[in-house]
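Written out below as structure tokens is the structure these notes cover.
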Amino acid sequence: VQPGLWGLVLAAAGGVALAVWSVVWRRRRRGVEPGDRSAASEVLNSPFLPGSGRARQERRWFFLTLQVKSSGQQVLLLGLEGSGKSSLLQCFTAGGLEYDVSPTQGFSAVSVHREEVHVEFLEIGGAEHLRLYWDMYLSRAAVLVYVVDSSDRARLPLARRLLHRLLRPEPRLPLVVLANKQDLPGACSVTDLHEALSLSDLGDQRKMFLIGTHLKKTGAQLDAGLQDARDLILQMVAAVREDQERGHETKACSFL
Ligand SMILES: Nc1nc2c(ncn2[C@@H]2O[C@H](COP(=O)(O)OP(=O)(O)OP(=O)(O)O)[C@@H](O)[C@H]2O)c(=O)[nH]1
Ligand SMILES: [Mg+2]
């Protein structure tokens with residue numbers, strides 16, 4: 001796939017604290033419209049997010065505004081911090097790792113247009129204080145991409161627990177598990193990771209794929225494994241969309 005076929009909008013990255021803070025206060029004074037994604041982005045990337053009381057409520061509300069007006073099909077990227085979500089997003093959209101990523105402080109969103117499909121990749125940071133927001137986006141997601149650092153064996157049980165808890169209320173949500181960092185010494189093989197994450201216990205109604213990936217800093221060309229992963233995700237999104245359209249048609253027919 002030529003990178004030229006991809007349109008992308010990088011909608012969130014970092015944020016200069018003081019500037020963001022002043023924007024937050026300006027918006028607080030004038031009020032923020034539901035669905036104002038730029039506001040949510042600015043706030044969530046602010047390192048000034050306090051963790052309790054009213055401020056926490058407001059933070060939750062800002063997260064919620066993100067849900068209201070998002071268009072296209074959403075692919076949710078989750079996984080523990082440092083597993084490689086932002087790096088993968090960069091590779092999927094820019095075709096390679098062109099710049100260093102820093103830990104995601106809130107969320108980061110990238111829109112991809114390909115042929116008729118408009119897909120929005122949404123990563124929520126994996127740090128502990130951000131994990132409580134993960135499930136807020138599940139019902140909106142067409143596909144969940146769960147990224148695991150295969151070399152971080154000590155935290156595989158935690159990655160498994162979080163994944164299982166997350167998917168309990170979503171028995172049909174399609175899942176792609178990316179066993180990332182396969183290049184690192186001591187990385188868990190894809191087969192062992194299947195076992196360690198108890199993927200066979202995640203329900204037989206679910207479309208599920210497990211793919212080994214590793215990211216290289218060199219070259220603008222997307223690695224074949226990553227290309228396969230990206231194409232698979234887009235195909236799954238297209239399939240979900242077709243199902244939804246068929247569902248709408250069936251509903252429309254039943255009214256006739
Ligand atoms: N060796 C190796 N390093 C990787 C790979 N993928 C990502 N990394 C590195 O892992 C580190 C963390 O990557 P991120 O993409 O920031 O991880 P993240 O999941 O987005 O982390 P949070 O935003 O904190 O949730 C970075 O230094 C990446 O360069 C990989 O396949 N192999
Ligand atoms: Mg990140």
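When a ligand or atom number is given, it counts from 1 through the structure's own listing order.
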- [ ] Can you label the angle between the Phe121 ring and the Phe92 ring as parallel, tilted or perpendicular, going by 30° and 60°?
- [x] tilted

Task: Any Leu89 side-chain heavy atom under 4.5 Å of Val101 side chain - done: no

Open item on the list: So for atom CD, which belongs to Glu128, do other residues, nucleotides or ligands contribute more than 12 heavy atoms lying within a distance under 6.0 Å?
Closed with: no

- [ ] Examine Gly126 against ligand 1 and note whether any of their N/O atoms are separated by less than 3.5 Å.
- [x] yes

Task: Short N or O distance, Gly84 and ligand 1, threshold 3.5 Å exclusive - done: yes

TODO: State, without any angle test, whether Ser86 and Glu123 hold a side-chain donor-acceptor pair at a distance under 3.5 Å.
DONE: yes

Open item on the list: Quick check on contacts: which atoms of ligand 1 are under 4.0 angstrom from a heavy atom of Thr104?
Closed with: 22 (P), 23 (O), 24 (O)

- [ ] Give yes if a backbone or side-chain nitrogen or oxygen of Lys85 is under 3.5 Å from a nitrogen or oxygen of ligand 1, and no if not.
- [x] yes

Task: Residues Arg155, Glu81: salt bridge by 4.0 Å N-O rule - done: yes

- [ ] For Val101 and ligand 1, answer yes if some heavy atom of the residue is under 4.0 Å from a ligand atom, otherwise no.
- [x] yes

Open item on the list: What I want to know is whether Lys181 and ligand 1 share at least one N or O pair that is separated by under 3.5 angstrom.
Closed with: yes

- [ ] Report the part of Leu215 (side chain from C-beta onward, or backbone N, CA, C, O) that has a heavy atom under 4.0 Å from ligand 1; answer both or neither where that applies.
- [x] both

- [ ] Number the atoms of ligand 1 from 1 as they appear, then name those within less than 4.0 Å of a heavy atom of Pro103, with their elements.
- [x] 23 (O), 24 (O)

Task: Lys85 side-chain N/O to Leu80 backbone N/O, donor-acceptor pair under 3.5 Å - done: yes

Open item on the list: Within ligand 1, which atoms have a heavy atom of His214 less than 4.0 Å away?
Closed with: 31 (O)

- [ ] Would you mind listing which atoms of ligand 1 come within a distance below 4.0 Å of any non-hydrogen atom of Gly125?
- [x] 25 (O)

- [ ] Indicate if the distance from the Mg ion (ligand 2) to the nearest N, O or S atom of Thr104 falls below 2.8 Å.
- [x] yes

Task: Main-chain N/O of Ala179 paired to His214 side chain as donor or acceptor, under 3.5 Å - done: no

Task: Per-atom contacts, ligand 1 versus Glu81 - under 4.0 Å to a heavy atom - done: 21 (O), 22 (P), 24 (O), 25 (O)

TODO: Give a yes or no on whether Asp204 atom CG has more than 12 heavy-atom contacts from other residues, nucleotides or ligands under 6.0 Å away.
DONE: no

Task: 4.5 Å side-chain heavy-atom contact, Leu130 and Phe107 - done: no

Open item on the list: Between ligand 1 and Thr213, is the shortest N or O to N or O distance under 3.5 Å?
Closed with: no

Task: Pairwise side-chain contact, Val145 with Leu178, heavy-atom cut-off 4.5 Å (strictly under) - done: yes

Task: Any Leu80 heavy atom less than 4.0 Å from ligand 1 - done: yes

Open item on the list: Looking only at distances, can you tell me whether any N or O atom of Gly82, backbone or side chain, sits closer than 3.5 Å to an N or O atom of ligand 1?
Closed with: yes

Task: Vertex the Mg ion (ligand 2), arms to Ser86 OG and Glu123 OE2, rounded to 10° - done: 100°

Task: Numbering as shown, the atoms of ligand 1 that approach Asp183 to under 4.0 Å (heavy-atom distance) - done: 1 (N), 2 (C), 30 (C), 31 (O), 32 (N)

Open item on the list: I want to know if ligand 1 touches Ile124 in the polar sense, i.e. an N/O pair below 3.5 angstrom.
Closed with: no

Open item on the list: Is there a side-chain contact between Asp228 and Ile211 in this structure, where contact means two heavy atoms from C-beta onward sitting under 4.5 Å apart?
Closed with: no

Task: Subset of ligand 1 atoms that lie under 4.0 Å from at least one heavy atom of Ser87 - done: 7 (C), 13 (O), 14 (P), 15 (O), 28 (C)

Open item on the list: Under 4.0 Å from a heavy atom of Ser83: which atoms of ligand 1 are those, numbered in the order shown and with their elements?
Closed with: 17 (O), 19 (O)

- [ ] Taking the side chain as every heavy atom from C-beta outward, state whether Tyr137 and Leu122 have any pair of such atoms under 4.5 Å apart.
- [x] yes

- [ ] Report the C-alpha separation of Thr213 and Asn180 in whole Å, then their side-chain angles, then the decisive distance to 0.1 Å, and conclude whether the side chain to side chain donor-acceptor pair (under 3.5 Å) test is met.
- [x] CA-CA 5 Å; Thr213 52; Asn180 196 32; 3.0 Å; yes

Open item on the list: With nothing but distance in play, are any N or O atoms of Glu123 less than 3.5 Å from an N or O of ligand 1?
Closed with: yes

